[in-house]
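Heads up: the structure comes next, in structure tokens.
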Amino acid sequence: MLKLHDTATGTIKPLTLRRNDEVSMYVCGPTVYGPPHLGHGRFALSFDVLRRYIEFKGLRVIHVSNITDIDDKIIERAGVENVDCATIASTYEKTWWESMDKLGVLRPTYVPHAVSYVEAMVNLIVKLFDLDVAYELSDGIYLDVSKVSDYGLLAHQDLASLKSGARVEIDENKRSPLDFVLWKLAKPGEPRWPSPFGNGRPGWHTECVVMSLDLLGDGFDIHGGAQDLIFPHHENERAQAVALNRVFASHWVHNGWVTVSGEKMSKSLGNYTNLEELLNSHDSRAYRLLVLRSHYRSPIEVTKETLSEADTAIKRLDRCANRFNLQNNCSPRLNTAMCSNSCDITELKKFEDAMDDDLDTARAVAQIFDLINKANLAKDNSDDSNAELFASSALLFANALGLEAKTESDSIDSFSESLRLQREEARKNKQFDEADRLRVELEELGWTVEDSKDGTKLSKQ
RNA sequence: GGCGGCGUGGCCGAGUGGUUCAGGCAGGGGCCUGCAAAGCCUCGUACGGCGGUUCGAUUCCGCCCGCCGCCUCCA
């Protein structure tokens, strides 16, 4: 039984499902106004791992993750680049998916775009207005949070304490500083859609409540995002659902953020690292390993050093796959039933115990490396059957976490191949000076040279 | 002011009331190897400070110190 931390209750509780064979999960996606940074990569990886693990356990996952393609930030960016908002959105959505593909993040089942949901959002705002929980000001429609009985549930704050701490300049027109905008009337030159309140655009918080309920229906299982979305974004989404008397998410999951020198990484602080840059300068699996190495709710510090370590550790996984010649099929359809034949049952149980415990991926990763060690040891002792069982267990669990070992042999050009053969010949004839010279030459060509009883093997450095 | 999190060995990073260890990276020693590489073995005796509970605390409680986050931009 999978247990997960739930922000609403502040406890780790069993994941209870609406239907017993299917998990409905909504994860707040990016606003596409710039290239993704490491924080985006982390939330995407965190929920990708959750999804993969649930599928590994044999359940179907309906994973919805939106693209916010209309927002103040996009309008601002469009102004800076002197293009229209749609161009900004499509440009950065494209880079978003490129990064996701490199990270090995599975595509969500559905990817709703805010722009195609505007009409539905207007309908929802009209309902809120008719219920008298929303009111009109000169610049738009606002939700009156005092009409929502348990507002502050996710933030674990009551209305009074939230008010007292307001750090942002208070808009005196609003009934309460906490009231939030549902519909923004368009200023000249801004993109606009029709509504009974006048032409304008939806507020951010309305988007996700409409799209999640539309695609997943009332009482869906998991609503997720990074911790900085808890308040106000998720609080406000929930407020609208509560005001409409609709059953919203039953489990709230939030991941921790990426820090730089101990401080939160964010675009507004300007200390962010572009995700693409990272993916271009490291093994694309290194960041996943780094994310998996710590708990999803802990902050992670990403540095050149920790990334290089991860690069090295990934190679250990690859070497294991190569040594045992295991084709690591990375299909997300792999599940416990299917792999119980090819892995050690005790180890599988241990892996599930770790993962069921609020996704303790750090423990799971440790187990994987421990299994690699056991496999190598058994192999060194010629205990081939156990060795293979441990190795395939390790790779299956890695697979379940989305870490794919690379097993394809490197294609060797004919020149390098001739050097390799010459080296084998030289070693056979005990011409070690010549063999050493050939090794240096091969290394300069970018190969790692390994000798064994079976001859000389080359692999890319 | 309100609410929450964190402080572990050279570095990163889990975990736990007590003899048996997280794991990765780096380092020392060894096995293997013509020499390497890979692999294996082995070593380093860590848990912010001060009290308390306890037969025993890094793990529970209290206080203190330090760091970080949220309180209508944010993944």
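Order of the sequence lines sets the chain letters (A, B, ...), proteins ahead of strands, with each chain counted from 1. In this text, all values refer to a predicted model and were calculated from it rather than measured experimentally. Just so it is clear, the values below take in all heavy atoms, side chains as well, and ignore hydrogens, waters and symmetry mates.
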Are the side chain of A:N66 and the backbone of A:H113 linked by a donor-acceptor contact shorter than 3.5 Å?
no

Using a 4.0 Å heavy-atom cut-off, does A:V258 contact any base of the nucleic acid, only the sugar-phosphate backbone, or nothing at all?
base

Under 4.0 Å, heavy atom to any atom of RNA chain B: which of residues 137-145 of chain A qualify?
none

Between A:F47 and A:V253, is there a side-chain heavy-atom distance shorter than 4.5 Å?
yes

Rounded to whole angstroms, how far apart are NE2 on A:H156 and P on B:rC3?
13 Å

Residues A:H254, A:H5; criterion ring pair (Phe, Tyr, Trp, His ring centres under 6.0 Å); working and verdict:
CA-CA 8 Å; A:H254 294 101; A:H5 183 266; 8.6 Å; no

Quick test of your reading: applying ring-ring contact (aromatic ring centres under 6.0 Å, His included), list the pairs with at least one residue in residues 349-379 of chain A, sequence neighbours left out, ordered by first then second residue.
A:F56-A:F351, A:F351-A:F397

Across nucleotides 36-41 of chain B, 5' to 3', mark each nucleotide with B, S or - according to how protein heavy atoms within less than 4.0 Å reach it.
BBSSSS

When rounded to the nearest Å, what value does the distance between P atoms of B:rG13 and B:rG17 take?
23 Å

Can you name the atoms? Protein N/O to nucleotides 14-17 of chain B N/O, anything below 3.5 Å, with the distance.
{"residue": "B:rA14", "atom": "OP1", "partner": "A:H295", "partner atom": "N", "Å": "3.2"}

Expressed as a whole number of angstroms, how long is the span from A:I368:CD1 to B:rA22:P?
19 Å

Assign each of A:H233 and A:S308 to its nearest nucleotide of RNA chain B by heavy atoms, then name whichever residue's nucleotide is nearer the 5' end.
A:S308

Starting at the 5' end of RNA chain B and moving along, which residue's nearest nucleotide shows up first, A:F432 or A:D370?
A:D370

Does the side chain of A:H295 pick up a donor-acceptor pair with the side chain of A:D358 at under 3.5 Å?
yes

With C1' as the reference atom in both, quote the distance from B:rA26 to B:rC43 in angstrom, rounded to an integer.
14 Å

From the options B:rC11, B:rA75, B:rA22, select the nucleotide whose nearest atom is closest to the side chain of A:A366.
B:rA22

If you measure from the C1' atom in B:rU8 to the same atom in B:rA37, how many Å do you get, rounded?
34 Å

A side-chain contact here means heavy atoms from C-beta on lying under 4.5 Å apart; do A:K304 and A:S281 qualify?
no

Exactly one of A:F231, A:W183, A:F180 should register a ring-ring contact (aromatic ring centres under 6.0 Å, His included) with A:H205. Which one does?
A:F180

Within the side chain of A:E235, is there an N or O that forms a donor-acceptor pair under 3.5 Å with the backbone of A:I230?
no

Apply salt bridge (Lys or Arg N to Asp or Glu O under 4.0 Å) to residues A:D311 and A:R285 and explain how you reach the verdict.
CA-CA 8 Å; A:D311 279 338; A:R285 300 164 296 168; over 6 Å; no

Separation between the C1' atoms of B:rC70 and B:rC11, rounded to whole Å
30 Å

Determine whether any donor atom in the side chain of A:D436 lies under 3.5 Å from an acceptor atom in the base of B:rG34, or the reverse, and answer yes or no.
yes

Would you say the side-chain atoms of A:D318 pair up with the backbone N or O of A:K406, donor to acceptor, closer than 3.5 Å?
yes

With a cut-off of under 6.0 Å to the ring centre and 45° to the axis, is A:R175 in cation-pi contact with A:Y142?
no

Span that lies between the P atom of B:rA14 and that of B:rG48, in whole angstrom
14 Å

Rounded to whole angstroms, how far apart are CG on A:D71 and C1' on B:rU72?
14 Å

Does the B:rC74 base have a donor-acceptor partner in the side chain of A:K264 within less than 3.5 Å?
yes

May I ask you to check whether A:E93 and A:W97 show a side-chain donor-acceptor distance below 3.5 Å?
yes

For the pair made of CZ in A:F231 and P in B:rA75, what is the distance, rounded to whole Å?
17 Å

For atom CZ of A:F369 and atom P of B:rG13, their distance in whole Å:
16 Å

Would you find a donor on one side and an acceptor on the other, under 3.5 Å apart, between the side chain of A:H40 and the backbone of A:H37?
yes

State which of B:rG23, B:rC12, B:rU72 makes the closest approach to the side chain of A:E309.
B:rC12

Have a look at A:K428 and say if it touches a base, only the backbone sugar-phosphate, or nothing, with a 4.0 Å heavy-atom cut-off.
nothing

Could you list the donor-acceptor pairs under 3.5 angstrom formed between side-chain atoms of residues 383-391 of chain A and any protein atom two or more places apart in sequence or on another chain?
{"residue": "A:D383", "atom": "OD2", "partner": "A:N386", "partner atom": "ND2", "Å": "2.9"}

Sugar-phosphate only, base, or nothing, as touched by A:K73 at under 4.0 Å among non-hydrogen atoms:
base

Nearest-Å distance for atom pair CZ/P, residues A:F390 and B:rG23
15 Å

Whole-angstrom distance between B:rC12 and B:rC47, as gauged at atom C1'
15 Å

With Watson-Crick and G-U wobble geometry limited to distances under 3.5 Å, how should the secondary structure of RNA chain B be encoded in dot-bracket form, using | for bases paired to another strand and [ ] for crossing pairs?
(((((((..(((.....[....))).(((((.......)))))....(((((..]....))))))))))))....

For nucleotides B:rC60 and B:rC68, find the distance between their C1' atoms and express it as a whole number of Å.
25 Å

Among A:H251, A:H233, A:H234, find the one that has a ring-ring contact (aromatic ring centres under 6.0 Å, His included) with A:H223.
A:H234

Please answer whether the main-chain N or O of A:L153 pairs with a side-chain N or O of A:D150 as donor and acceptor at a distance below 3.5 Å.
no

Sticking with atom P, work out how far B:rG24 lies from B:rC40, rounded to a whole angstrom.
9 Å

